Each structure stands twice: as C-alpha cells, then as structure tokens.
K.L.:
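I have a structure here, written as structure tokens, and I will follow up with some questions on it.
Only a predicted model underlies this, so the values are computations on that prediction, with no experimental measurement involved.
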Amino acid sequence: MDTPSSGIPARRESLQPGSTHSLNLPLRAMSPGVVDYLFRQLVSGRPSEDVQWEREGIALAAQPEGAELARRLSETDIDALTPTELFHYVRAAQRLAAWAEDLRQAAVGRYCHAGTDTPRPGNQAI
C-alpha cells in the first residue's frame, strides 16, 4: 500500500484510472429510514426492492390520478422509500399536480364563461 501526502493509506487498485473504486465519485447519502429498511430486508433474507408493496396493490406509477393517488401519496413515509421508490413517488406527485391544475383551469374557464351563455332577464329581445 502507498501512503499519499494526506497520510491516509490507499490501495493501488483504487487509484488506477478506470477503476470502479475511483476516489473521484460523489458519495450518495441515504436517509435513516432507507438504511433501516435495507437492513431489515438484509436480515430477513429478502431483496432490497420492496416487492411486497408491489404485490399489495397497484404501483404508484400505474395509479390513476385522483383522490386515491392523493391519499396514497399523503400517507407514504418518504424517509422509508428506496431511491427507486422515491423516483416513482415524485413522478406520481407530478402527475397528480398536473391533473389538479387541469381541473382548476377547467373550473376557471367555466366560471368566466358562465354568465355569457344564458340570457339575462333585462336583456331579452322582444
């Protein structure tokens, strides 16, 4: 082993160009909930992906926009999601927000045009 100028021993293979153990890669932090979940999966011998959640019902990616999707998103503990699940959570929240915005725009359009479609009592032609 070599000792770089920092005084910390380093293995030669981690310093080689193209190595998968490159020191230049950014570190990704996981929330305590994700670490806890992954540890429980490891101890029980199950895969790190939450396959039980997928078996219990429709995946968030396939859940139609509406009240049920809003309920599921609001009841989800996002600190306990794996990075893949968090990605699907964010995408589902974006779909729900776009759906709600479409509803709002339709309602505003109907409100703005509501008075122009029906004749008023004082403006009736004789």
Side-chain angles (χ1 to χ4, degrees):
M1 289 203 302
D2 293 331
T3 304
S5 60
S6 65
I8 301 171
R11 294 195 306 214
R12 282 187 186 268
E13 60 270 10
S14 66
L15 300 176
Q16 297 297 324
S19 170
T20 58
H21 302 290
S22 175
L23 298 176
N24 295 328
L25 293 176
L27 297 175
R28 291 177 45 190
M30 289 190 275
S31 71
V34 170
V35 173
D36 181 54
Y37 169 77
L38 292 174
F39 179 75
R40 285 183 278 122
Q41 292 296 96
L42 176 68
V43 169
S44 65
R46 294 188 300 240
S48 61
E49 292 299 319
D50 191 355
V51 293
Q52 180 66 30
W53 185 50
E54 292 175 3
R55 286 188 211 137
E56 289 177 357
I58 190 166
L60 278 179
Q63 180 74 49
E65 295 82 6
E68 179 62 15
L69 179 58
R71 182 196 64 77
R72 288 183 65 192
L73 291 173
S74 69
E75 292 177 357
T76 300
D77 178 11
I78 61 173
D79 289 333
L81 298 178
T82 65
T84 302
E85 292 167 344
L86 188 57
F87 173 80
H88 290 297
Y89 179 92
V90 170
R91 293 289 306 266
Q94 289 172 333
R95 284 189 303 110
L96 184 63
W99 175 78
E101 179 60 20
D102 289 345
L103 290 178
R104 186 192 68 80
Q105 287 180 359
V108 168
R110 184 167 175 88
Y111 177 79
C112 291
H113 293 88
T116 61
D117 294 341
T118 57
R120 294 183 188 153
N123 294 341
Q124 291 181 353
I126 300 180

K.L.:
About how many Å separate CG of Leu73 and CD of Glu68, when rounded to the nearest 0.5 Å?
P.N.:
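Result: 10.0 Å between the selected atoms.
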K.L.:
Report yes if some heavy atom in the side chain of Arg72 is under 4.5 Å from a heavy atom in the side chain of Ile58; otherwise report no.
P.N.:
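They are in contact (side-chain heavy atoms under 4.5 Å apart), so the answer is yes.
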K.L.:
What is the distance from atom CD of Gln63 to atom NE2 of His88, rounded to the nearest 0.5 Å?
P.N.:
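One finds 14.5 Å between CD of Gln63 and NE2 of His88.
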K.L.:
Measure the spacing between CG of Leu69 and CZ of Arg95 and express it to the nearest 0.5 Å.
P.N.:
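Answer for the CG-CZ pair, Leu69 versus Arg95, is 5.5 Å.
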K.L.:
Could I get the full list of side-chain hydrogen bond (donor to acceptor under 3.5 Å, both in side chains) partners for Ser44, not counting sequence neighbours?
P.N.:
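Only Arg46 meet the side-chain hydrogen bond (donor to acceptor under 3.5 Å, both in side chains) criterion with Ser44.
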K.L.:
Kindly check if the number of other-residue, nucleotide or ligand heavy atoms within 6.0 Å of CZ (Arg71) is above 12?
P.N.:
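Buried by this count: over 12 neighbours within 6.0 Å.
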K.L.:
Using side-chain heavy atoms (C-beta onward) and a distance below 4.5 Å, is Val90 in contact with Phe87?
P.N.:
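Val90 does not reach Phe87 side chain to side chain.
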